[in-house]
There are 2 protein chains.
Amino acid sequence: MTPVTHSIPANVTSLSEHRLLHEAVIDRLRDLIVTGELAPEAKLNERVLAERLGTSRTPLREAIKFLASEGLVELVPNRGAVVAPLKPEKMREVFVVLGALEALAGEQACRNASEADIADIRALHYHMLAHHARGELAQYFRYNQLIHQRILDCARNVTLSQTWSALNAHVRRARYMANLSRERWDQAVKEHEEMLDALSRRDGAKLQALLRDHLANKLVLVMEALGGGVAAEGAR
Amino acid sequence: MTPVTHSIPANVTSLSEHRLLHEAVIDRLRDLIVTGELAPEAKLNERVLAERLGTSRTPLREAIKFLASEGLVELVPNRGAVVAPLKPEKMREVFVVLGALEALAGEQACRNASEADIADIRALHYHMLAHHARGELAQYFRYNQLIHQRILDCARNVTLSQTWSALNAHVRRARYMANLSRERWDQAVKEHEEMLDALSRRDGAKLQALLRDHLANKLVLVMEALGGGVAAEGAR
DNA sequence: CAATCAATTTTTGTATGCAAAATTTAATAT
DNA sequence: ATATTAAATTTTGCATACAAAAATTGATTG
């Protein structure tokens, strides 16, 4: 697998893969927010941002409205938009909902995944293990996300996948501030082993429980990073 | 925070309660879609719609993008937007996800609801019973929605409430075509009795199960109305 | 009559213009 | 110097303008 550079060109964006400008702007702007290049609570100056993305204010404003519905930006009347704050309480909420969604996905995936699907996920899992062994955090995260994504796909529920993706953007955003201790990291990998095992045995109840716990543990990490402390109630 | 919580749609949206035009247009347009005044797969002609809503194309297009993120409209490149089709498979997907969300909400509500909250919900329940007894379907449905909304509120998770609201719009849309048999209706009321009972006893596991079943039964109704037949797998 | 295709009209996608609101700056008074 | 407030600037929100892409119309041909 070829190494992926995470440096993103500031000005030039490949708009070519999108037929429509505002769709490209949605993806580009979401990326800026998720990677933290646009920090939480940063003001979105329309003139400046439009220039940076090489477009006019109109498609940018449309993209902002779209992302507002996703919850990544907040609209302030007569004051434009800001990147949604990254509050511990909000994170707790998102993780609780994601836990329920992934649990559902895991259960459904055990019913609906083909053997080829499971084989694919296993392959991704081994890639992830390799990057874990080498301590390559960025690549580890990449495969981690791909695995979760593939499990969602196997649930065969587009609505579930879309809902998950929108909320997962918040988690991806937090990832850029969470610095994983080796201990925690090893634990997460171990959980993934169990998840793959449960999926292979098509043990829906087990996978469901594992995913819920996995998410709860991820939440603990994020809360530590955000310095919010883990609000005990409801997190499990 | 984006105001996703929309109270029961009034006939006429008072633009005065919104500071900004495009927010009013979002609510008004969502209302048109949910009530079926704009039918599924109807083309959204920007010029015509803007005139109908008394605005220009710019705020309308921003509203369309927002609702596209909610899934109520679909964007077709270079061909504008259409009201999202009301496909049986999509409905099945939405109900499965809503089932998981409401189950989660029920569990959390049993933990977090105050006694006053429960008393409020009981009051709504009796209103609903009264309308059921009188055969007032529209009012029944109104209180039904309010009860579900209040349960979601009691989960004390704004993200959960917002996610639920967005998906629930699809269900509200389907309601306008589902004609409830007296038998089914009585059954639904009975289920609500049990739900209220479980909430009062703060039996989270029970309420969770009841809500999931309740949603599954609602799905059957909608599927009959849509003539799609119930896809057995995954619905339970 | 059906089919094809060019001309016309309509519609979308994006850019720009303009007024109102918010922000910043500057000036004055305390 | 700090606080206050009035003027200047910037920014937002909405309307309009314009080019490119679709849809429609209508003529022409087989």
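So that the names make sense, note that chain A is the first sequence line, chain B the second, and so on, each numbered from 1.
Here the P atom of nucleotide dG13(D) and the CG atom of Asn45(A) are 12 Å apart, to the nearest Å. If you measure from atom CG of Leu60(B) to atom C1' of dC14(D), you get 12 Å, rounded to the nearest angstrom. Leu20(B) has its CG atom 18 Å from the P atom of dT11(D), to the nearest Å. The nearest whole Å value for the distance from the CD atom in Glu23(B) to the C1' atom in dT12(D) is 13 Å. Atom pair Leu75(B):CG and dG13(C):P shows a separation of 8 Å (rounding to whole Å applied). In this structure, Glu46(B) places its CD atom 16 Å from P of dC14(D), rounding to the nearest Å. Atom CD of Glu62(B) and atom P of dG13(C) are 14 Å apart (whole Å).
Of the inter-residue distances, the one linking Asn144(A) atom CG with Leu124(A) atom CG reads 10.5 Å to the nearest 0.5 angstrom. The line from CZ of Arg61(B) to OG of Ser56(B) is 11.0 Å long, rounded to the nearest 0.5 Å. Atom-to-atom distance recorded for Arg212(A):CZ and Leu98(A):CG is 12.0 Å, nearest 0.5 angstrom.
Across Leu72(B) and Arg30(B), no two heavy atoms sit closer than the pair CD1-CG, 3.6 Å.
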- Query: Using a cut-off of 4.0 Å between protein heavy atoms and nucleotide atoms, how would you tag nucleotides 16-22 of chain C 5' to 3' with B, S and -?
  - Reply: BB---SS
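For dG13(D), the OP1/OP2 oxygens have no side-chain nitrogen or oxygen of His22(B) closer than 4.0 Å. Contact between the side-chain N/O atoms of Thr55(B) and the OP1/OP2 oxygens of dC14(D) is not found at any separation under 4.0 Å. Between Lys43(A) and dT23(C) there is no side-chain N or O to OP1 or OP2 distance below 4.0 Å.
Using a 4.0 Å heavy-atom distance criterion, Val48(A) is classed as making no nucleic acid contact. Note on Leu44(A): only backbone sugar-phosphate atoms sit closer than 4.0 angstrom, heavy atoms only; bases stay farther off.
Using modelled atom types, one finds a donor on one side chain and an acceptor on the other under 3.5 Å when comparing Gln145(A) with Asn168(A).
Using modelled atom types, no side-chain atom of Glu41(B) and backbone atom of Pro85(B) make a donor-acceptor pair closer than 3.5 Å. Distance alone, capped at 3.5 Å, is enough to place a donor-acceptor pair between the Asp117(A) side chain and the Ser114(A) backbone. Formation of a donor-acceptor pair under 3.5 Å by the Glu93(A) side chain with backbone atoms of Asn157(B) is not found in this model.
Asp120(B) pairs by the salt bridge (Lys or Arg N to Asp or Glu O under 4.0 Å) definition with Arg150(B), not counting sequence neighbours.
Inter-axis angle, ends of the helix from dC1(C)-dG30(D) to dT30(C)-dA1(D), five pairs per end, rounded to 10 degrees: 0°.
The side chain of Arg47(B) has dT11(C) as its nearest neighbour among dT11(C), dC14(D), dT14(C).
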